[in-house]
Amino acid sequence: MGELVHANAVIEIRRVLETAGYDTEEEQGPFNLSAVRGRTCLIVLCSDDLNLLQRFDMTPYTIMLEDTKVRCDKLIFTGNAYFRPKEADIWSREQLEHYIAASAMARIYSEPFDLDEPSVAPYTPTATPVSTSSFAGAIGDQLLPVRITDRDAVRIAHQDGPTILRMIPYWYYRYTSRGEANYKGKMVSFDDEGSGWVNAINGLETDFGDAAPVLGSIPTDADVMSPVNTKAETEERVRADLVQKLTKRVRIKTTSGDAIFAEEKEFRPSPDNIEITVEKVYVPVWQVRGKKDIVEVNAYTGEELSLPSDEGCEVF
């Protein structure tokens, strides 16, 4: 679908929702439309961009209604046959046609209208599925193994609901720094080494302790997420952070006769003296869907995540 189709779809969906009694408002992003009726909020996205659809689908959105934070429902209209919604509702072309026709007749005859179940077949992708190896399901992927079962995740999350295994891409980096600086007889060393993890979707750095990636095969039923931040961008950012981390401010004292002089000087390592290797590693996360909340549990460490693994909660 092109941009014009998406724009027209937003117009028609807005008419449908207003006929159903929603107060609607166009949004500039990351979605197209918001609609409120009573204590119900619905947000709408019309797009074929797979990364945009995945982020929208998995991000919890809330709105303040009468001084109360309310979780928003989500609706997607797309022509992307490979996208599989996990949380949002999705309208096919046939379903949208049904609602447009039904709402138009309701307006003509001043009859009540609501978003009941359409009498058309549910959305089913018809395109030939892409092989899992295209997305990273092949043997030899770098990953952290699943050590926490789905039942353990339900217990940790304190939620009673279905679970989904998601493979979140991280950039696992290792670094070695060498070099020194000399000033007025004072020697400052920049020797250091270590490793770290950067979420390849939201860019947040995470501490997984002494975890080390292994070669393995991603489970075929797992939801594999795609990186947003590139390897090159992450390496550049990590290098800049390491330069800042290894920068040292030293107080140097000198004497002249019976006088003592003190000065502070900052020593920064050369970025060229910092070697960095970056690898993509998938980290397993159980998503537990309760009746009101969605809780994510790291399937390697067993830790409940305070923020969604792919993006933070957004309030508008």
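Because the structure is a prediction, the values reported are computed rather than measured.
- Two rings, from Phe56 and Tyr61, have their centers less than 6.0 Å apart.
- Counted by atom type alone, Asn229 and Thr234 present zero donor-acceptor pairs between their side chains at under 3.5 Å.
- With contacts defined as side-chain heavy-atom distances shorter than 4.5 Å, the pair Ile294/Pro60 does not qualify.
- The ring pair (Phe, Tyr, Trp, His ring centres under 6.0 Å) analysis of residues 194-232, with sequence neighbours excluded, yields the pairs Tyr170-Phe208, Tyr172-Trp197, Trp197-Phe208.
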Query raised in the report: When you look at Leu144 and Val214, which way does the side-chain contact (heavy atoms from CB on, under 4.5 Å) test go after all the steps?
Result: CA-CA 6 Å; Leu144 293 184; Val214 298; over 6 Å; no
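- Using a 4.0 Å cut-off between a side-chain N of Lys or Arg and a carboxylate O of Asp or Glu, Glu279 and Lys231 do not qualify as a salt bridge.
- Separation of atoms CZ (Arg39) and CG (Leu65) is listed at 6.5 Å; rounding is to 0.5 Å.
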Query - Derivation and outcome, side-chain contact (heavy atoms from CB on, under 4.5 Å), residues Gln159 and Val154 - result: CA-CA 6 Å; Gln159 298 288 330; Val154 169; 5.8 Å; no
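- When all heavy atoms are compared, the tightest approach of Pro169 to Ser226 is CG-C, 4.0 Å.
- A donor-acceptor pair under 3.5 Å is formed between the side chain of Arg239 and the backbone N or O of Pro271.
- In this structure a side-chain-to-backbone donor-acceptor pair under 3.5 Å is present from Asp207 to Gly209.
- Asn32 places a side-chain N or O within donor-acceptor distance of the main-chain N or O of Cys46, the cut-off being under 3.5 Å.
- Under the 4.5 Å side-chain heavy-atom criterion for ILVMFWY residues, a single connected hydrophobic cluster contains both Leu50 and Leu52.
- Checking side-chain atoms of Arg166 against main-chain N and O of Met225 turns up no donor-acceptor pair under 3.5 Å.
- Checked by atom type and distance alone, the side chain of Asp57 pairs as donor or acceptor with a backbone atom of Ala88 at under 3.5 Å.
- Two residues are said to be in side-chain contact when any heavy atoms from C-beta on lie closer than 4.5 Å; Ile164 and Asp150 fail this criterion.
- By the salt bridge (Lys or Arg N to Asp or Glu O under 4.0 Å) test, Glu87 is found to be paired with Arg71, Lys74, residues two or more places apart in sequence or in another chain being considered.
- Ile201 has its side chain out of reach of Pro227: every pair of non-hydrogen atoms, C-beta onward, lies at least 4.5 Å apart.
- Nearest approach of Gln142 to Pro213, heavy atoms of both residues: OE1-CB, 3.7 Å.
- Residues Thr78 and Ser47 have side chains not in contact (no heavy-atom distance under 4.5 Å, counting atoms from C-beta outward).
- Remark: side-chain polar atoms of Asp191 are paired, donor with acceptor, to backbone N or O of Gly179 under 3.5 angstrom.
- A salt bridge links Glu12 with Arg15; the closest basic N to acidic carboxylate O contact falls under 4.0 Å.
- By the 4.5 Å heavy-atom criterion applied to side chains, Val278 and Val238 are not counted as neighbours.
- Taking all atoms of both residues into account, the shortest heavy-atom contact from Tyr175 to Ser195 is CE2-N, 3.9 Å.
- Taking 4.0 Å as the cut-off between side-chain N and carboxylate O, Arg14 and Glu26 count as a salt-bridged pair.
- The hydrophobic cluster containing Val44 also contains Trp91, counting ILVMFWY residues as joined when their side-chain heavy atoms lie under 4.5 angstrom apart, directly or transitively.
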Query - Verdict with supporting geometry, Trp171 and Thr230, side-chain contact (heavy atoms from CB on, under 4.5 Å) - result: CA-CA 9 Å; Trp171 295 116; Thr230 67; 5.5 Å; no
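- In this structure, Leu165 CG and Asp223 CG are separated by 9.0 Å, a value rounded to the nearest 0.5 Å.
- Contact record, Ala212 with Tyr300: N-OH, 4.5 Å, taken as the closest heavy-atom pair.
- There is no side-chain donor-acceptor pair under 3.5 Å between Glu275 and Thr176.
- Between the side chains of Glu205 and Tyr173, a donor-acceptor pair is found at a separation under 3.5 Å.
- For Arg249, the CZ atom counts as densely surrounded, since its 6.0 Å shell holds more than 12 non-hydrogen atoms of other residues, nucleotides or ligands.
- Between Ile274 and Leu246, the closest heavy-atom pair is CD1-CD1, 4.3 Å.
- Between Phe77 and Leu45 there is no side-chain heavy-atom pair separated by less than 4.5 Å.
- Distance CG/Leu53 to CE/Met58: 12.5 Å, rounded to 0.5 Å.
- Residues Phe267 and Val250 have side chains in contact (heavy-atom distance under 4.5 Å, counting atoms from C-beta outward).
- In this structure, Arg237 does not pair ionically with Glu233, as no charged nitrogen and carboxylate oxygen lie closer than 4.0 Å.
- For the pair Asn8 (side chain) and Leu4 (backbone), a donor-acceptor distance under 3.5 Å is present.
- In plain terms, the two heavy atoms of Leu143 and Gly216 that are nearest each other are CD2-C, 3.8 Å.
- Not a single donor-acceptor pair under 3.5 Å links the side chain of Thr163 to the backbone N or O of Val288.
- Here the straight-line distance linking atom CG of Asp48 with atom CD1 of Ile76 works out to 11.0 Å at 0.5 Å rounding.
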Report task. Check step by step if salt bridge (Lys or Arg N to Asp or Glu O under 4.0 Å) holds for Arg37 and Asp114. Result -> CA-CA 11 Å; Arg37 185 179 68 178; Asp114 205 349; 3.2 Å; yes
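- Note: Ile43 CD1 to Asp73 CG = 8.5 Å, rounded to the nearest 0.5 Å.
- Looking at Ser34 and Glu27, their side chains do bring a donor and an acceptor atom within 3.5 Å of each other.
- One hydrophobic cluster holds both Tyr99 and Ile13 under the rule that ILVMFWY side chains link at heavy-atom gaps under 4.5 Å.
- One finds the CG atom of Leu17 at 6.0 Å from the CG atom of Leu115 (value rounded to the nearest 0.5 Å).
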Query raised in the report: For Asn273 and Phe190, what are the C-alpha separation, side-chain angles and deciding distance, and is it a side-chain contact (heavy atoms from CB on, under 4.5 Å)?
Result: CA-CA 9 Å; Asn273 291 341; Phe190 300 117; over 6 Å; no
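- Using a 4.5 Å heavy-atom cutoff, the side chains of Ile63 and Val36 are in contact.
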